[in-house]
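Report on one structure; see the data block that follows.
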Amino acid sequence: MIEKKGRDGGNLMTTSVPVPAADPRRTALLVMDYQTPIVRLLPETEGAALVRRVADAITTVRRAGGTIAYVRVGFTPEELAAIPAENKMFSAIAGRGGMDADGPATAVVGELAPADGDIVVRKTRVGSFSTTDLHDRLTRRGVTTLALAGISTSGVVLSTVRDAADRDYRLLVLSDGCADPDAQAHEVLMERVFPRQADVLGIAELPHLLEPAAAAG
């Protein structure tokens, strides 16, 4: 059981709602934009604690037999040059530079480094799917459930939730595996937006969610 927040008229209330178990063999944890310059958008202590929690989530999913998939952002010179001025966010990135596709700044932070057999994709826009082959690679592994951890909540997490829902994945958003420089945006998304398309839960819930399915197999 997990606690979910909902609204009864104008009042915020908490109710316990059962979340069905997930088959770990058909589940992937998406670790999104955990790169040094992005983690540094958060206060240092907050970023460090966040990385530790996501490391725990990776260990849990890996031990249960699930897939770990990393999404990182980075650009070749040609990709930067092709960004149109009309794209407000990415034209600004093109102007600043510093996110070279193979540079150290775009690598996954060392504490969460990928292991052999993990999926790693590089993207050139906000969401995890539109500029990568992530969907095809997950499909080949039979993945139907995604657990999402990412920075920022209002960026990669929001875009990926919307796109993944349209692709008919079951979605689990790890509330304490996501963060945003705007704490209010994070709260609104977790409490009022994501629950329309996903189950929102804490990383501590993952072992309980995955173990029953593993035992049944």
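Basis for what follows: all heavy atoms, side chains included, without hydrogens, waters or symmetry-related copies. Keep in mind the model is a prediction, meaning the values are calculated, not measured.
- Listed for the Arg72 side chain is a donor-acceptor partner under 3.5 Å among the backbone atoms of Ala101.
- When all heavy atoms are compared, the tightest approach of Leu41 to Pro181 is CB-CG, 4.1 Å.
- Residues Thr106 and Phe75 fail the side-chain proximity criterion, which asks for heavy atoms closer than 4.5 Å.
- Arg141 places no side-chain N or O within 3.5 Å of a backbone atom of Thr67 that could act as its donor or acceptor partner.
- Side-chain contact between Asp163 and Ser128: absent, with no pair of heavy atoms (C-beta onward) separated by less than 4.5 Å.
- Here the CG atom belonging to Leu206 is positioned 6.0 Å from the OG1 atom belonging to Thr60, to the nearest 0.5 angstrom.
- In summary, Glu79 and Arg125 do not engage in a salt bridge, as defined by a charged side-chain N under 4.0 Å from a carboxylate O.
- The side-chain heavy atoms of Leu174 and Leu29, taken from C-beta on, include a pair separated by under 4.5 Å.
- Arg137 places a side-chain N or O within 3.5 Å of a backbone atom of Val120 that can act as its donor or acceptor partner.
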Passes side chain to side chain contact (heavy atoms under 4.5 Å, CB included), Gln184 versus Leu189? Steps please. CA-CA 9 Å; Gln184 185 176 13; Leu189 288 166; over 6 Å; no
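- Not a single donor-acceptor pair under 3.5 Å links the side chain of Tyr34 to the backbone N or O of Val71.
- With rounding to the nearest 0.5 angstrom, the CZ atom of Phe90 is 10.5 Å from the CG atom of Leu80.
- Judged purely by atom type and a 3.5 angstrom limit, Arg26 has no side-chain atom pairing as donor or acceptor with the backbone of Ala22.
- At a threshold of 4.5 Å between non-hydrogen side-chain atoms, the residues Phe129 and Thr160 count as touching.
- Atom CG of Asp33 and atom OG of Ser152 lie 8.0 Å apart (nearest 0.5 Å).
- Atoms OG1 and CG, from Thr27 and Leu209 in turn, are 7.5 Å apart once rounded to the nearest 0.5 Å.
- Looking only at distances, a side-chain donor or acceptor of Asp180 sits under 3.5 Å from a matching main-chain atom of Ser154.
- When all heavy atoms are compared, the tightest approach of Val200 to Ser175 is CG1-CB, 3.9 Å.
- Taking both residues in full, the closest heavy atoms of Val54 and Ala149 are given as CG2-CB, 4.2 Å, listed atom of the first, atom of the second, then distance.
- By the 4.5 Å heavy-atom criterion applied to side chains, Arg52 and Glu111 are not counted as neighbours.
- Looking at heavy atoms from C-beta onward, Ile151 lies in side-chain contact with Val39 at the 4.5 angstrom threshold.
- Distance check: Ser130 OG to His135 NE2 gives 13.5 Å after rounding to the nearest 0.5 Å.
- Under a 3.5 Å cut-off, the side chain of Lys123 and the backbone N or O of Val126 do form a donor-acceptor pair.
- The minimum heavy-atom distance between Cys178 and Val157, with the atom names listed, is SG-CG2, 3.9 Å.
- From Ile203, atom CD1 reaches atom CG of Leu172 across 12.0 Å, with rounding to the nearest 0.5 Å.
- With respect to the salt-bridge test (charged N to carboxylate O, under 4.0 angstrom), the residues Asp136 and Arg140 do not qualify.
- Smallest separation of non-hydrogen atoms from Arg122 and Thr132: O-CG2, 3.4 Å.
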Could you walk me through whether Leu50 and Leu42 pass the side chain to side chain contact (heavy atoms under 4.5 Å, CB included) test, one step at a time? CA-CA 10 Å; Leu50 182 68; Leu42 306 171; 3.7 Å; yes
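- Considering all non-hydrogen atoms of both residues, Leu138 and Ala28 come closest at CD2-CB, 3.8 Å.
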Test side chain to side chain contact (heavy atoms under 4.5 Å, CB included) on Thr144 and Asp168 and set out the steps. CA-CA 8 Å; Thr144 57; Asp168 298 326; over 6 Å; no
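- Applying the 6.0 Å contact sphere to CZ of Arg63 captures no more than 12 heavy atoms from other residues, nucleotides or ligands.
- Using a 4.5 Å heavy-atom threshold, the side chains of Met190 and Thr153 count as touching.
- The side-chain heavy atoms of Val173 and Gln197, taken from C-beta on, include no pair separated by under 4.5 Å.
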CA sep, side-chain torsions, deciding dist, call: Val193, Val161, side chain to side chain contact (heavy atoms under 4.5 Å, CB included): CA-CA 10 Å; Val193 177; Val161 164; over 6 Å; no
